[in-house]
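Notes for the one structure printed next.
Numbering of ligands and ligand atoms starts at 1, following listing order. Any value given below was found using the heavy atoms of this structure, including those in side chains, with hydrogens, waters and symmetry copies removed.
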Amino acid sequence: MSIRPILHFPDERLRTHCRPVTKVDDKVRKLIDDMFETMYEAPGIGLAAPQVGIYERLMVIDVSEDKSAPQVFINPELLETRGTEMMEEGCLSVPGIYEDVERAEWIRVRALDRNGDSFEKEVDGLEAVCIQHEIDHLEGKLFVDYLSGLKRQRIRKKLEKQRRQTL
Ligand code: NI
């Protein structure tokens, strides 16, 4: 396993519409293992493939407090959503920024697991928010897109400044 570098907003590569995974093979499973390692090390509760420069529809999450609930979603589809809920979100590609975002409160999702088998799940709360956030990444969408243009501009400036200081 290895830790992969994470792309940061406003990197345009995060805007890529990802293509479906056509075959769940050992190469994909290696990527999944790397993504878990990268997410846990960050640390974060979700990571989508485009965040590590792989433009395929694949994401990992673990919303447990002790890394005990790793979940993989390959080619995820939101089948149904209900209600709305406001929750504070962050993103490993937008480090240090936390803002309220409104999402569906309950979702039904279908995806393939690491063996390529299809499964369906109904979830709510933090897990539902996390899944919606990661699916957005696969469409090239970031949580800052839900904020006002002014706020997004401020975040962009802040991150660019931080980056210049680290270089
Ligand atoms: Ni994110």
Across all chains, not counting sequence neighbours, the ring pair (Phe, Tyr, Trp, His ring centres under 6.0 Å) partners of Y98 are none

**Asked** Would a distance-only check, ignoring hydrogens and angles, find a side-chain to backbone donor-acceptor pair under 3.5 Å from D62 to I45?
**Response** no

Sorted by chain and number, sequence neighbours left out, side chain to side chain donor-acceptor pair (under 3.5 Å) with R13 holds for D11

The salt bridge (Lys or Arg N to Asp or Glu O under 4.0 Å) partners of D113 (sequence neighbours excluded) come to none

Within a strict 2.8 Å cut-off of the Ni ion (ligand 1), protein N/O/S atoms tallied 3

| task | Starting from the C-alpha separation in whole Å, work towards a yes-or-no answer on side-chain contact (heavy atoms from CB on, under 4.5 Å) for L112 and V21. | result | CA-CA 10 Å; L112 303 178; V21 173; over 6 Å; no

Check: W106 main-chain N/O paired with R82 side-chain donor or acceptor under 3.5 Å: no

